[in-house]
Amino acid sequence: MKMRIEKDSMGELNVPEKALYGAQTQRAINNFPVSGEALPEAFIRSLILIKSAAARANQTLECITPAQSNAIQNACEELLNDPNLMTHFPVDVYQTGSGTSSNMNANEVIATIANRYSETKISPNDHVNFGQSSNDVIPSAIHVSASLELTGHLIPAIAHLKSTIKEKGNALKGYTKTGRTHLMDAMPVRFDQTFHAWAAQLKDNLDNLKYLETKITRLAQGGTAVGTGINAHPEFANLFAKELSDLTNVTFTPGENFFSLIGSQDTAVALSGQLKAVAVSYMKIANDLRWMNSGPLAGLGEITLQALQPGSSIMPGKVNPVIPEAVAMVSAQVIGNDAAITIGGQAGNFELNVMLPMIAKNLLSSIKLLANSGRLLADSAIATLTVNEDKLNEALHRNPILVTALNPIIGYSKAAEIAKKAYKEGRPVVDVAEEETDLNRDELLSLLDPAKLTHGGL
C-alpha cells in the first residue's frame, strides 16, 4: 500500500495515500485494533450533519468565512450522498471514551474534501471543528442518530407490526380457543382478544418511545469542552439547533443544561430501557406464536405459521417457527445491549461520560434490530399465519375449566367436583354437569358455550 506523510501536534505519521483522513485518525487506527468494527453508519451520518449545521451557524455568526462554510457544507453533502465514502470512517468502536478519535476522523475527512472546493486552506480543527468539542459533538451525535433512527425506522416499524396484528385479530374474531394460565387449560378466549392484547402492548411501547423522542432531541451542542461553552459564540447553540432542524426535518433544541448532557447519558439510558421493554414485548409475542404453532401433532397446533425453509438437516419434512425464533434472539440481544448501556451510563465522571462510542453503538444496534425484526414478524409470521379450527375444537368443549361459568349457580366447591370428575373420566364437562346438577342440558349448553364465555360477565 502506498503511503503519504501526515503530521499533527504529536509529529509525523504514515497514512495510506488514498485515505481521506489524516494523522489523528491513523493514530486511532493504530491504537485501537480491538473489534474491527466501526461505529454505525447512522452515527457517522449524524456527525456529518452536525458539521454541516455548525458550518452554517458559524458563517452566520461570522466565525468562519462564507467560502470556508460553503466548502465544508459541500464536503458534507458529498459524504452524505456517496455511501462508498463511509470506508473513510474506520475508527474502532472501542476507542477513547469521549469519541475524540471519531470526531477528528470526521473533521479530517471533511477538511480533505472541503479543500477541493476551497481556494484557501480548510483546517480540521480551526474551521470544521470551530466552536465545538468532541465532548459536545459525540453526545449530540448519539441523540441525533437515535432520533433519526427512531422517527425514520423504529416507530414506523412498530406501528406497522401493531396495525398488522390488529388487522389479523379482526380477521380471526370468529375463532375461540382454550385460554391458558401457567401453560395450563383456562377459560376460553377469542383470537382477536389475544391479538389485540399484543397490539395494546405495542401501543404502550409506542407512546413511551414518542415521549422519549422529545427528550432525545435536546442536544449538548454548544457546551464544548466541559459545558461552559468556551470557544463557541454565545448564540451558536440556538442557531446550530435551527440549522440542524432545517437539514433533518426534525426539531432539535439546545439542552437546558449542557453540563448534564455532557457529563451523563441519562436520556440514552432511559431510551435503551424502553427499547428493552419493546424487546420484552416482542419476546412475549414470539413465544406465544411458537407455542400456538407447536406440533403440529404432539403440540398445541392451534395455528400454522408460513413455511419458509426446511427445518432440519436430518429429519425430512420438518418445518420450524424460524421468524419467532429470530425475533426472540433479537430480544435477547437488545436486553444485553441495555445492560452494556446501563453500565456505560454510570461512566459519567465529573464533566464527561467516557463510554460514549460503546453507548452509541449499542443504542443504534438495538433500534436497528427491533425495527428490522418488527417488520419481519409482521409480514412473515402474523400476516401469513392460518388457524387450525379442528385442532382448536378438539380441546375447547372438553375443557373442564368451563365449569367456572357455573360458580354463581352451583358454587365453587360443587364446580370443582365436576371439573375433577370430568378430568378423571376424560368426559366433556357438560355431560358430567348434567349428571351432577339439576340444570337441564339446554341450560348447560348455553351456560358453557365457549364463545359466549369470552364476553365475560355473570
Side-chain angles (χ1 to χ4, degrees), residues 34-51 79-80 83 86-87 89-99 101-103 105-106 134 137-158 205 208-210 212-213 215-221 244 248 250 252 261 264-279 282 327 329-345 347 353-376:
V34 181
S35 69
E37 182 179 1
L39 281 159
E41 183 175 334
F43 182 84
I44 300 302
R45 292 179 67 83
S46 293
L47 265 181
I48 296 166
L49 286 166
I50 284 170
K51 299 299 175 180
L79 286 165
L80 292 170
M86 289 297 115
T87 58
F89 297 88
V91 178
D92 203 280
V93 170
Y94 302 98
Q95 52 172 288
T96 175
S98 63
S101 299
S102 288
N103 183 42
N105 184 189
S134 301
V137 167
I138 300 301
S140 295
I142 291 174
H143 279 216
V144 172
S145 57
S147 176
L148 295 178
E149 291 299 291
L150 276 177
T151 57
H153 298 290
L154 181 56
I155 288 175
I158 296 175
N205 283 313
N208 292 336
L209 284 172
K210 289 173 183 177
L212 285 170
E213 205 277 332
K215 300 290 187 182
I216 207 81
T217 53
R218 299 175 187 177
L219 305 180
Q221 203 66 53
L244 185 63
T248 60
V250 174
F252 292 100
L261 291 170
S264 74
Q265 279 294 301
D266 291 352
T267 304
V269 171
L271 176 56
S272 177
Q274 181 53 46
L275 297 176
K276 178 175 69 174
V278 175
Y282 278 18
V327 172
M329 286 189 285
V330 162
S331 298
Q333 183 61 62
V334 170
I335 292 167
N337 288 350
D338 178 66
I341 291 168
T342 300
I343 294 170
N353 181 286
V354 289
M355 289 197 185
L356 298 176
M358 182 276 290
I359 291 172
K361 181 256 186 186
N362 283 296
L363 192 66
L364 292 172
S365 171
S366 291
I367 293 172
K368 180 179 180 179
L369 288 170
L370 291 171
N372 290 346
S373 64
R375 289 192 177 277
L376 197 62

Which distance, rounded to the nearest 0.5 Å, do you find between the [atom1] of [X] and the [atom2] of [Y]?
| X | Y | atom1 | atom2 | value |
| --- | --- | --- | --- | --- |
| F89 | I48 | CZ | CD1 | 4.0 Å |
| T151 | I216 | OG1 | CD1 | 11.5 Å |
| S365 | Q333 | OG | CD | 6.0 Å |
| L154 | N205 | CG | CG | 9.5 Å |
| T342 | N337 | OG1 | CG | 10.5 Å |
| R375 | H153 | CZ | NE2 | 9.5 Å |

Looking at every non-hydrogen atom in both residues, tell me the closest pair between [X] and [Y] and how far apart they are.
| X | Y | answer |
| --- | --- | --- |
| A270 | L212 | O-CD1, 3.6 Å |
| A146 | L271 | CB-CD2, 4.0 Å |
| P139 | Q265 | CB-NE2, 3.8 Å |
| L79 | M86 | O-CE, 3.7 Å |
| S134 | N103 | OG-ND2, 3.0 Å |
| I341 | A268 | CG2-O, 4.2 Å |

Side-chain contact, heavy-atom cut-off 4.5 Å: [X] with [Y]?
| X | Y | value |
| --- | --- | --- |
| L80 | R45 | yes |
| T217 | H143 | no |
| S147 | F252 | yes |
| Q221 | L261 | no |
| L244 | L219 | yes |
| L39 | Q95 | yes |
| L47 | V144 | no |

The criterion is salt bridge (charged side-chain N to carboxylate O under 4.0 Å, His left out); which residues satisfy it with D92, sequence neighbours excluded?
none

Go through the steps for L363 and L275 under the test side-chain contact (heavy atoms from CB on, under 4.5 Å), then give the verdict.
CA-CA 9 Å; L363 192 66; L275 297 176; 3.9 Å; yes

Show your working on side-chain contact (heavy atoms from CB on, under 4.5 Å) between Y282 and L369 and close with a plain yes or no.
CA-CA 11 Å; Y282 278 18; L369 288 170; over 6 Å; no

Name all residues meeting the side-chain contact (heavy atoms from CB on, under 4.5 Å) criterion together with S145; count only those two or more places apart in sequence or in a different chain, and write none if there are none.
F43, S46, L364

Yes or no on side-chain contact (heavy atoms from CB on, under 4.5 Å) for I142 and L356, after CA distance, side-chain angles and deciding distance?
CA-CA 8 Å; I142 291 174; L356 298 176; 4.0 Å; yes

Checking side-chain contact (heavy atoms from CB on, under 4.5 Å) for the pair V334/V278: CA distance, chi angles, key distance, verdict?
CA-CA 9 Å; V334 170; V278 175; over 6 Å; no

